[in-house]
Each structure stands twice: as C-alpha cells, then as structure tokens.
Amino acid sequence: MAVRTLALRTSVIVATVGRSDHTVSAGCADGVMPEQDRSTVRCIANIGGTATMRPSFHTDRPTGRRAATASILLEREGVRLGALHLWSAEPRPWRPADLDIAHRLGTVAATHIDFATRLWQQEQLVCQLSYALEARIIVEQAKGIIANDRQIDVEKAYELIRRHARRHNATVRAVSNAIVHAGMRVAR
C-alpha cells in the first residue's frame with residue numbers, strides 16, 4: 001500500500017498522516033484522554049524529557065522545533081492504516097477537545113486512505129482484466145487462423161499453438177501474437 005501523507009499547519013500545531021511503525025498505546029501521558037480511547041491515542045506533553053524513553057519521537061518527527069506530540073491510530077473496518085501525528089512547537093497538554101477534533105480528522109483521513117487504496121486496487125484489477133481479455137482475443141484469433149489454414153478444429157489448433165510455445169519457451173500469447181500480426185505458422 002502506498003503511504004499517503006497529509007500535512008496541516010496552524011500557528012502552533014502540525015498534523016501529519018502516514019504509516020506508523022510504532023505502537024500507539026498507553027493513553028495520554030498527561031492523562032486527559034477518556035478511558036475508552038487509551039488504546040488508540042498516545043500523547044506526550046513535553047518531548048524534551050522523552051529522548052531516552054521514546055527515541056522514535058525525536059527521529060521520526062517532521063523537521064523544525066517540536067515540543068509536544070499526540071498520535072492517534074487510524075483504523076477502518078478493523079484494519080490499521082497508520083496514525084495521525086500532531087506536533088506542537090511548545091510543550092502543551094493535549095485537551096480532550098483537541099484530541100476529539102484530531103480523532104475526527106483521523107476518521108476522515110482513514111476513510112480517504114481506505115477509499116483511495118480500494119480505488120487503486122480496482123484500477124489494478126481493471127488493468128489485469130483488460131490485459132487478460134486482450135490476450136484471450138489474440139489467442140482466439142490465432143486459433144481461428146491455424147484452424148482455417150490446416151482445416152482442423154479450434155481445439156487441435158490450440159494444441160498446436162501450445163506445443164509450439166512450449167518447444168520454443170514462449171507464452172501462448174506471444175506465439176498467438178506472432179501468428180496474428182506477423183503471419184507466423186506453427187508446425188504440426
């Protein structure tokens with residue numbers, strides 16, 4: 001899955017959305033989150049004292065001065081998609097209202113990431129099916145050409161094409177393409 005990044009900037013807070021490899025757990029360090037949200041939110045009101053405890057908060061964060069962070073796990077239909085990371089330039093406690101808004105933004109971001117991923121998967125499927133259909137059309141045309149030239153049924157024509165492909169370490173599609181477009185003929 002491609003990682004999508006969304007950055008929002010205000011005078012105090014930067015929010016990034018992306019894949020998160022660290023576990024978001026243990027609730028807010030400053031204790032402002034309701035009990036039911038502690039498994040999806042991780043807050044640090046003052047990053048300065050966490051360098052040895054959580055070095056990833058110092059190395060994985062956006063560039064610039066960041067003194068407080070909150071991470072909200074992004075999930076959709078039970079699938080973990082990443083995390084919404086809030087960064088503040090000043091040490092600050094994360095109020096429940098801040099985290100509620102961030103949680104709502106995270107829900108929107110998770111929905112967008114999920115739908116964008118599903119759209120990409122559907123586009124890939126369409127490409128694969130188009131390729132398969134084109135291949136099938138070429139093979140059918142080649143079977144018809146060989147069947148007509150040899151006065152045999154299409155099943156026997158397919159066996160000749162398949163045998164030729166195996167002998168020459170080629171795909172049935174490549175042999176069929178050569179028959180249709182280059183006038184190649186296969187030996188009995």
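Keep in mind that this is a model prediction, so the values were computed, not measured. All residue numbers in this chain count up from 1 along the given sequence.
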Where V180 and I138 come nearest, the two heavy atoms and their spacing: CG2-O, 3.8 Å
Sequence neighbours excluded - ring pair (Phe, Tyr, Trp, His ring centres under 6.0 Å) pairs with any residue from residues 136-180: H164-H168
Pairwise distance CG(L160) to CD(E155) - rounded to 0.5 angstrom: 12.0 Å
Side-chain donor/acceptor of S88 to backbone N/O of P91, under 3.5 Å: no
Closest non-hydrogen atom pair between A147 and A157, with its separation: N-CB, 3.7 Å
Donor-acceptor contact below 3.5 Å, side chain T69 vs main chain L86: yes
D100 vs R95, salt bridge (Lys or Arg N to Asp or Glu O under 4.0 Å): CA-CA, chis, key distance, verdict: CA-CA 9 Å; D100 183 54; R95 300 175 313 169; over 6 Å; no
Criterion side-chain contact (heavy atoms from CB on, under 4.5 Å) on R80 and L74, from CA distance to verdict: CA-CA 6 Å; R80 183 175 177 179; L74 300 180; over 6 Å; no
Side chain proximity check, R163 to V186, heavy atoms < 4.5 angstrom: no
Closest non-hydrogen atom pair, L84 against G106: CD2-N, 3.9 Å
Partner set under ring pair (Phe, Tyr, Trp, His ring centres under 6.0 Å) for H181, not counting sequence neighbours: none
Heavy-atom side-chain proximity of E75 to L81 below 4.5 angstrom: no
Sequence neighbours excluded, every pair satisfying salt bridge (Lys or Arg N to Asp or Glu O under 4.0 Å) that has a member inside residues 118-133: E77-R118, D114-R118
Verify same cluster id: V154, V139 (apolar side-chain graph, 4.5 Å): no
side-chain contact (heavy atoms from CB on, under 4.5 Å) assessment of V108 paired with R104: CA-CA 6 Å; V108 170; R104 291 170 194 249; 5.9 Å; no
Contacts of R162 that satisfy side-chain hydrogen bond (donor to acceptor under 3.5 Å, both in side chains) - sequence neighbours left out: E159
Side-chain touch H103/T107, heavy atoms, less than 4.5 angstrom: yes
Heavy-atom pair with the smallest gap, counting every atom of I161 and S176: CG2-OG, 3.8 Å
Side chain to side chain donor-acceptor pair (under 3.5 Å) contacts in which one or both residues fall within residues 133-150, not counting sequence neighbours: R136-E140, E140-K143, D149-R185
N/O donor-acceptor pair under 3.5 Å between W87 side chain and A68 backbone: no
I137 side, atom CD1; R173 side, atom CZ - distance, nearest 0.5 Å: 9.5 Å
Residue pairs, two or more places apart or on separate chains, that pass ring pair (Phe, Tyr, Trp, His ring centres under 6.0 Å) and touch residues 122-154: none
